[in-house]
Number of protein chains: 2
Amino acid sequence: MNPSTANIEESILSAILAGRIPPGTRLGEQKLADLFGVSRTRVREAMMRLETRGIVQVSARRGWFVVEPSADEAREAFQTRRVIETGLLQTVREVPPKVLASLKEHVAIERQAIETGDVSSRACLLGDFHIHLADALGNRLLTEIIRDLTARTTLISMLYQPTEKAEESSHDHEDIVAAMEAGDLAGAARLMDEHIGKVEAGLDLSAKPDPLASLRELLVPSTFSDVAPSMPHAHGAAAPHAHHHPSTKED
Amino acid sequence: MNPSTANIEESILSAILAGRIPPGTRLGEQKLADLFGVSRTRVREAMMRLETRGIVQVSARRGWFVVEPSADEAREAFQTRRVIETGLLQTVREVPPKVLASLKEHVAIERQAIETGDVSSRACLLGDFHIHLADALGNRLLTEIIRDLTARTTLISMLYQPTEKAEESSHDHEDIVAAMEAGDLAGAARLMDEHIGKVEAGLDLSAKPDPLASLRELLVPSTFSDVAPSMPHAHGAAAPHAHHHPSTKED
DNA sequence: CTTACAAGCTTTGTATACAAGCCTGTGAGC
DNA sequence: GCTCACAGGCTTGTATACAAAGCTTGTAAG
């Protein structure tokens with residue numbers, strides 16, 4: 001594949017995984033072309049690839065947008081992750097010591113980021129745990145699939161996650177690794193199932209994505225964003241209560 | 001997405017699933033463009049999408065080719081399928097009667113195709129079983145993933161599968177459905193694991209894909225293809241013994 | 001004051017032209 | 001007779017020009 005195309009693709013994907021790009025972000029072809037110093041052709045290539053991977057969507061003649069998964073799509077993504085990640089743990093016979101060591105190290109870094117209060121890297125790390133797991137226990141194909149799914153999940157969390165429970169997630173990760181160390185793969189799978197279930201349960205899937213969220217956030221001081229009755233609401237509908245935490249990921 | 005682009009993509013994918021397009025097939029942009037009555041631009045779109053999905057590959061300035069998975073890639077594909085398909089069965093709590101009925105019907109059709117000796121539809125049906133399973137028990141996302149993996153597996157079988165065991169596969173499918181009916185999802189998962197294992201074990205992954213396979217087949221009477229010492233071999237290497245059964249799929 | 005409509009601008013959609021490189025065939029040199 | 005170099009054709013790679021359609025904004029009628 002062309003390096004510049006792959007570059008654009010990878011940049012956008014990793015920015016999403018890091019929580020730097022919120023769902024619904026518009027990605028203009030010309031702007032990206034200027035930014036990366038390439039022609040629109042290349043940008044379109046990258047966009048179409050990302051569309052195939054379920055990361056962006058095109059709205060005819062309006063532009064490319066980072067996907068905003070619906071509640072149904074969110075459920076699908078979580079079910080798929082549950083299937084694959086528990087399946088992975090249960091398929092594996094034994095965990096090589098090196099893998100165990102690297103996972104433990106990862107969890108340690110997670111905890112450190114949480115204690116230090118490093119919000120931005122924390123969000124990225126929590127998702128990375130799952131990717132590392134797939135990489136260590138599975139193969140490239142599996143890793144790629146999990147990566148795309150994690151990107152999706154990250155976006156979903158940004159849309160529907162009212163509260164953040166990073167410590168709990170990291171603790172779950174720790175438990176999973178502990179079970180793996182004990183050789184209890186079935187237990188690890190169960191813990192993983194519960195972990196993903198917890199994350200999913202922590203979402204407010206009834207909260208419809210707010211089309212005005214970005215504007216609202218720009219105009220209203222964030223601490224007052226929930227109590228700004230003077231802001232005009234579209235169509236007189238009740239204010240959607242989807243919270244928007246750009247660097248928050250519950251995973 | 002543009003309908004014509006999606007059309008090209010789907011046509012090629014389903015042709016691969018049906019075993020009508022062997023691995024390594026060259027897919028010229030202009031030819032496809034003429035065939036579908038569209039411009040090269042659209043064809044390229046479809047090709048790039050299929051490349052993202054791991055179905056085709058581009059060789060710079062030579063053309064697009066249906067992938068010829070290496071032995072390693074084959075192992076990855078099978079591991080991934082094992083992970084996902086056993087994971088799916090173990091994640092599901094109970095199987096709705098309607099699902100059970102449709103799966104049983106599918107197996108019945110399989111058996112019928114085998115008894116009738118309908119080789120071409122048989123190959124397609126054996127792969128379809130897994131896709132149907134994902135569709136019935138999982139969701140669209142999962143189905144899409146399994147579909148792409150099945151396409152890969154089909155190509156792998158064409159490259160590395162010396163003998164065909166359609167009856168055995170169909171019997172495996174039957175057993176899996178029976179376990180599901182008995183409510184023994186864990187057992188079904190185990191059977192699925194064994195089933196995929198059997199298929200993988202039936203491959204001859206040491207047989208390197210033969211770049212001359214298609215030529216050899218065209219030039220040498222098939223019954224003598226293994227004993228044709230007069231045919232010039234590239235680089236004096238021993239004759240690769242990868243057999244090529246266009247409408248054979250072990251799944 | 002609200003709503004409908006229209007003009008202009010911006011952005012994507014699509015085709016096409018040209019550039020670059022691989023493969024094949026031919027001919028010269030040994 | 002054989003090998004190697006080179007040229008021509010064919011295929012993909014890339015950019016760009018133009019077409020089509022959306023959104024915004026301005027204006028005027030009800």
### Message
Please evaluate residues B:Q79 and B:E200 with respect to the criterion side-chain contact (heavy atoms from CB on, under 4.5 Å), reporting the C-alpha separation (whole Å), side-chain torsions for both, the decisive distance (0.1 Å), and the verdict.
### Response
CA-CA 9 Å; B:Q79 187 193 3; B:E200 187 177 1; over 6 Å; no

### Message
Using side-chain contact (heavy atoms from CB on, under 4.5 Å), reason through A:S14 and A:I16 one step at a time and then give a plain yes or no.
### Response
CA-CA 5 Å; A:S14 63; A:I16 288 175; over 6 Å; no

Would you tabulate the nitrogen or oxygen pairs shorter than 3.5 Å linking the protein to nucleotides 8-11 of chain D?
{"unit_1": "D:dT11", "atom_1": "O3'", "unit_2": "B:R26", "atom_2": "NH2", "d": "2.7"}

Exercise answer: donor-acceptor pairs, residues 54-66 of chain A side-chain atoms, under 3.5 Å, sequence neighbours excluded:
{"unit_1": "A:S59", "atom_1": "OG", "unit_2": "A:R62", "atom_2": "NE", "d": "3.0"}
{"unit_1": "A:W64", "atom_1": "NE1", "unit_2": "A:E29", "atom_2": "OE2", "d": "2.8"}

### Task
Verify, without hydrogens or angle tests, whether B:T25 (side chain) and B:P22 (backbone) share a donor-acceptor contact under 3.5 angstrom.
yes

### Message
Among residues 37-45 of chain A, which ones have heavy-atom contacts with DNA chain D below 4.0 Å?
### Response
A:S39, A:T41, A:R42

### Contacts of type side chain to side chain donor-acceptor pair (under 3.5 Å), residue B:R53, not counting sequence neighbours
B:E9, B:D148

### Query
On DNA chain C, which is the earliest and which the latest nucleotide, 5' to 3', with an atom closer than 4.0 Å to a heavy atom of chain B?
C:dT14 to C:dC23

### Query
Between A:R49 and A:T5, is any side-chain donor less than 3.5 angstrom from a side-chain acceptor?
no

### Message
Can you tell me how the ring of A:H106 sits relative to the ring of A:F129, calling it parallel under 30°, perpendicular over 60° and tilted otherwise?
### Response
tilted

### Spatial distance of atom CD (B:E68) from atom CD (B:E73) [nearest 0.5 Å]
10.5 Å

### Query
Could you give the CH2-to-P distance, from A:W64 to D:dG22, as a whole number of Å?
16 Å

### Query
Sequence neighbours excluded, which residues qualify as side chain to side chain contact (heavy atoms under 4.5 Å, CB included) partners of B:S11?
B:N7, B:F36

### Task
Examine the side chains of B:N2 and B:S4 and answer whether a donor and an acceptor come within less than 3.5 Å of each other.
yes

